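Notes follow the structure.
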Amino acid sequence: METIFLQIPPEIAAQIKIPPKRAQRVLMEELVLRLYDEGIISAGQGAYLLKMDRLSFERFIAERCIAIHCDAEELDQDISHLDRAL
């Protein structure tokens, strides 16, 4: 698959009430949150897109009241990692 570029027309970009350097990050965060919440991308993919480690990404989505998606196997792995860390 090819890289996807999104373009926001200048007249819309000018109306975004975020400094231009910060706007790209905020828009990417919002896109990733939506894609993750809809189950379109995984937590690993979301973390990669936002250049975060997995734990930082999970904190990021939790702070925005989005449920962490995981299956039973992932949950078991997370619990065993926590047990070893303690």
Side-chain angles (χ1 to χ4, degrees):
M1 179 182 236
E2 295 180 31
T3 300
I4 299 171
F5 293 96
L6 300 175
Q7 289 186 323
I8 297 176
E11 61 274 12
I12 302 297
Q15 295 177 12
I16 296 175
K17 295 175 176 36
I18 303 169
K21 287 187 177 187
R22 186 156 148 56
Q24 183 175 1
R25 176 69 183 185
V26 169
L27 293 171
M28 178 60 93
E29 287 174 355
E30 292 301 318
L31 175 62
V32 168
L33 286 170
R34 180 66 179 194
L35 294 173
Y36 177 78
D37 195 33
E38 294 293 322
I40 296 169
I41 63 172
S42 68
Q45 291 167 324
Y48 178 80
L49 288 169
L50 296 180
K51 298 177 177 72
M52 296 179 174
D53 60 53
R54 177 80 180 262
L55 183 57
S56 296
F57 180 74
E58 289 179 358
R59 283 189 189 124
F60 172 74
I61 60 175
E63 289 169 357
R64 284 144 183 89
C65 300
I66 294 175
I68 295 171
H69 306 165
C70 69
D71 58 26
E73 183 179 325
E74 287 176 311
L75 183 58
D76 286 341
Q77 288 174 354
D78 288 347
I79 291 170
S80 73
H81 286 109
L82 287 172
D83 286 341
R84 280 183 267 166
L86 299 174

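Keep in mind that this is a model prediction, so the values were computed, not measured. Numbering of residues begins at 1 and proceeds along the displayed sequence.
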For the [atom1] atom on [X], are there more than 12 heavy atoms of other groups (residues, nucleotides or ligands in this structure) within a distance under 6.0 Å?
{"X": "Gln7", "atom1": "CD", "answer": "no"}
{"X": "Arg64", "atom1": "CZ", "answer": "yes"}
{"X": "Gln45", "atom1": "CD", "answer": "yes"}

Do [X] and [Y] belong to the same hydrophobic cluster, where Ile, Leu, Val, Met, Phe, Trp and Tyr are linked whenever their side-chain heavy atoms lie under 4.5 Å apart, directly or via other members?
{"X": "Leu55", "Y": "Tyr48", "value": "no"}
{"X": "Ile61", "Y": "Met52", "value": "yes"}
{"X": "Ile18", "Y": "Leu31", "value": "no"}
{"X": "Met28", "Y": "Phe5", "value": "no"}

Is there a side-chain contact between [X] and [Y], using heavy atoms and a 4.5 Å cut-off?
{"X": "Phe60", "Y": "Val32", "result": "no"}
{"X": "Val26", "Y": "Ile16", "result": "no"}
{"X": "Ile8", "Y": "Leu27", "result": "yes"}
{"X": "Glu30", "Y": "Leu33", "result": "yes"}

- Those residues at least two apart in sequence (or on a different chain) that pass side chain to side chain donor-acceptor pair (under 3.5 Å) with Arg22 are none

- Query: Taking 4.0 angstrom as the limit, do Arg25 and Glu29 come out as a salt bridge?
  - Reply: yes

- Message: If the threshold is 4.0 Å, N to carboxylate O, is there a salt bridge linking Glu58 and Arg54?
- Response: yes

- Message: Quick check: closest heavy atoms across Ala43 and Tyr36, and the distance to 0.1 Å?
- Response: N-CE1, 3.5 Å

